[in-house]
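Counting starts at 1 for both ligands and their atoms, in listed order.
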Amino acid sequence: MKILVTGCSGLLGSKLTPLLARRGYNVIGIYNVHRPSYSADGVKLVKLDITNTVALEDLVLKEKPDVIIHAAAYTDVDGCERDKNRAWRINVEATKSLVRTARVVKSYIIYISTDYIFDGSKGDYIEGDTPCPINYYGLTKLIGEELVRGSDLLHTIVRPSAIYGLGGSKKSFAEYIVEKLMRNECVKALTDQYVSPTYNGLLAKAIAEIVELRPMGVLHVAGPRMNRYEFALKIARALDLPLELVKEASMKEMTHWIACRPRDSSLDTSKAKQLLKTRFYDVDLAVDLFKKEWLSRRGEPCP
Ligand code: NDP
């Protein structure tokens with residue numbers, strides 16, 4: 001089976017792409033700026049700016065993938081607010097092209113969406129709750145969802161939240177916390193913003209399972225609800241780092257933010273838990289895996 005992964009150099013793609021190759025799939029990974037450094041046996045890496053929709057469509061028509069996993073996005077929430085044109089071209093126009101060509105070559109498409117399609121007034125969102133994005137990033141991702149949902153393609157829309165882990169082209173919040181605390185620097189973490197932190201390694205496994213099961217519709221694949229402060233403490237505790245350096249902060253102090261953030265965009269994952277065997281929702285497992293990965297990257301023995 002041939003699988004095309006967009007965003008193969010990202011936080012998710014850098015875990016998902018080699019995992020799919022290890023499972024014996026024929027994988028094509030698209031990156032833009034950051035060529036992935038993982039060993040990529042069984043992966044054909046293609047450098048392609050997906051806003052070049054002619055090149056993107058040509059690639060899909062030539063390769064005829066059985067499955068497209070669309071994980072590439074302009075994920076900088078403030079960046080999307082600042083440069084709406086760029087956000088639209090990456091998050092909407094490229095998705096439109098993928099949908100259009102997927103229909104021609106009859107691919108199954110997995111669209112990676114986000115908890116930021118919700119306004120955050122309620123939390124614990126289920127798949128059927130009405131989206132109402134409060135920033136441009138969320139809006140463009142929701143339009144991407146609608147393009148996929150409105151097509152006649154066999155599709156699954158996967159919504160994670162606050163992805164963390166190692167391996168991507170940019171640092172996740174967890175990595176930032178660990179690096180600051182290791183330098184004995186304070187970390188400010190929000191007590192009033194709730195998310196469902198999702199470990200990239202388990203998210204990748206869940207998506208690999210979805211490739212096999214092909215469930216139609218939307219699935220929330222995320223960790224348990226917690227605020228950013230609780231999450232920072234969890235990471236600090238797991239890596240034996242000084243907890244007293246984790247300081248409470250609130251959203252109103254974030255005066256440098258350009259885009260509004262949902263107050264509580266946590267996701268209810270009951271549906272995916274019933275469907276999938278992968279324990280993506282298990283925070284102790286996730287944090288332990290993160291810790292082992294962190295220690296092995298530093299060349300320290302795993303306990
Ligand atoms: P990252 O920001 O880590 O990576 C983004 C990926 O998209 C990179 O591989 C990047 O390539 C690629 N990309 C961006 N612009 C282009 C372009 N013009 N042409 C080709 N490729 C491009 O994202 P994540 O891995 O964290 O996110 C994966 C998905 O999950 C996204 O769809 C995101 O919306 C969603 N999501 C993310 C969350 C998070 O907390 N990170 C939370 C919820 C959902 P390169 O590095 O080469 O530029």
Original post:
Roughly how far, to the nearest 0.5 Å, is CG of Leu59 from OG1 of Thr101?
Top reply: 9.0 Å
Original post:
Quick one: CG on Leu166 to CG on Asn200, what's the gap to the nearest 0.5 Å?
Top reply: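 Spacing of CG (Leu166) from CG (Asn200) equals 7.0 Å.
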Original post:
Given Ile134, which of Ser265, Ser121, Cys260 fulfils the side chain to side chain contact (heavy atoms under 4.5 Å, CB included) condition?
Top reply: Cys260
Original post:
Are the ring centres of Phe280 and Tyr199 closer than 6.0 Å?
Top reply: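 No, ring centres 6.0 Å or more apart.
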Original post:
Does a donor on one side chain and an acceptor on the other come within less than 3.5 Å for Ser97 and Glu57?
Top reply: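 There is such a pair (donor and acceptor under 3.5 Å, judged by atom type) between the side chains of Ser97 and Glu57.
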Subject >> Check: His220/Thr269 side-chain N/O donor and acceptor closer than 3.5 Å >> reply: no
Tabulate distances under 3.5 Å between N/O atoms of ligand 1 and N/O atoms of the protein, writing both atom names on each line.
{"residue": "ligand 1", "atom": "2 (O)", "partner": "Thr75", "partner atom": "OG1", "Å": "2.6"}
{"residue": "ligand 1", "atom": "2 (O)", "partner": "Lys170", "partner atom": "NZ", "Å": "3.1"}
{"residue": "ligand 1", "atom": "3 (O)", "partner": "Leu11", "partner atom": "N", "Å": "2.9"}
{"residue": "ligand 1", "atom": "7 (O)", "partner": "Ala73", "partner atom": "N", "Å": "3.4"}
{"residue": "ligand 1", "atom": "9 (O)", "partner": "Gly7", "partner atom": "O", "Å": "3.3"}
{"residue": "ligand 1", "atom": "9 (O)", "partner": "Ser9", "partner atom": "N", "Å": "3.4"}
{"residue": "ligand 1", "atom": "9 (O)", "partner": "Ser9", "partner atom": "OG", "Å": "2.7"}
{"residue": "ligand 1", "atom": "9 (O)", "partner": "Gly10", "partner atom": "N", "Å": "3.0"}
{"residue": "ligand 1", "atom": "11 (O)", "partner": "Ser9", "partner atom": "OG", "Å": "3.2"}
{"residue": "ligand 1", "atom": "18 (N)", "partner": "Asp49", "partner atom": "OD1", "Å": "2.8"}
{"residue": "ligand 1", "atom": "19 (N)", "partner": "Ile50", "partner atom": "N", "Å": "2.9"}
{"residue": "ligand 1", "atom": "25 (O)", "partner": "Leu11", "partner atom": "N", "Å": "2.9"}
{"residue": "ligand 1", "atom": "25 (O)", "partner": "Leu12", "partner atom": "N", "Å": "2.9"}
{"residue": "ligand 1", "atom": "32 (O)", "partner": "Ala71", "partner atom": "O", "Å": "3.1"}
{"residue": "ligand 1", "atom": "32 (O)", "partner": "Ile112", "partner atom": "O", "Å": "3.3"}
{"residue": "ligand 1", "atom": "32 (O)", "partner": "Lys141", "partner atom": "NZ", "Å": "2.7"}
{"residue": "ligand 1", "atom": "34 (O)", "partner": "Tyr137", "partner atom": "OH", "Å": "2.6"}
{"residue": "ligand 1", "atom": "34 (O)", "partner": "Lys141", "partner atom": "NZ", "Å": "3.1"}
{"residue": "ligand 1", "atom": "40 (O)", "partner": "Ile163", "partner atom": "N", "Å": "2.9"}
{"residue": "ligand 1", "atom": "46 (O)", "partner": "Ser9", "partner atom": "OG", "Å": "3.0"}
{"residue": "ligand 1", "atom": "46 (O)", "partner": "His34", "partner atom": "ND1", "Å": "2.7"}
{"residue": "ligand 1", "atom": "46 (O)", "partner": "Ser169", "partner atom": "OG", "Å": "3.1"}
{"residue": "ligand 1", "atom": "47 (O)", "partner": "Ser9", "partner atom": "OG", "Å": "3.0"}
{"residue": "ligand 1", "atom": "47 (O)", "partner": "Asn32", "partner atom": "N", "Å": "2.8"}
{"residue": "ligand 1", "atom": "47 (O)", "partner": "Val33", "partner atom": "N", "Å": "2.7"}
{"residue": "ligand 1", "atom": "47 (O)", "partner": "His34", "partner atom": "N", "Å": "2.8"}
{"residue": "ligand 1", "atom": "48 (O)", "partner": "Val33", "partner atom": "N", "Å": "3.4"}

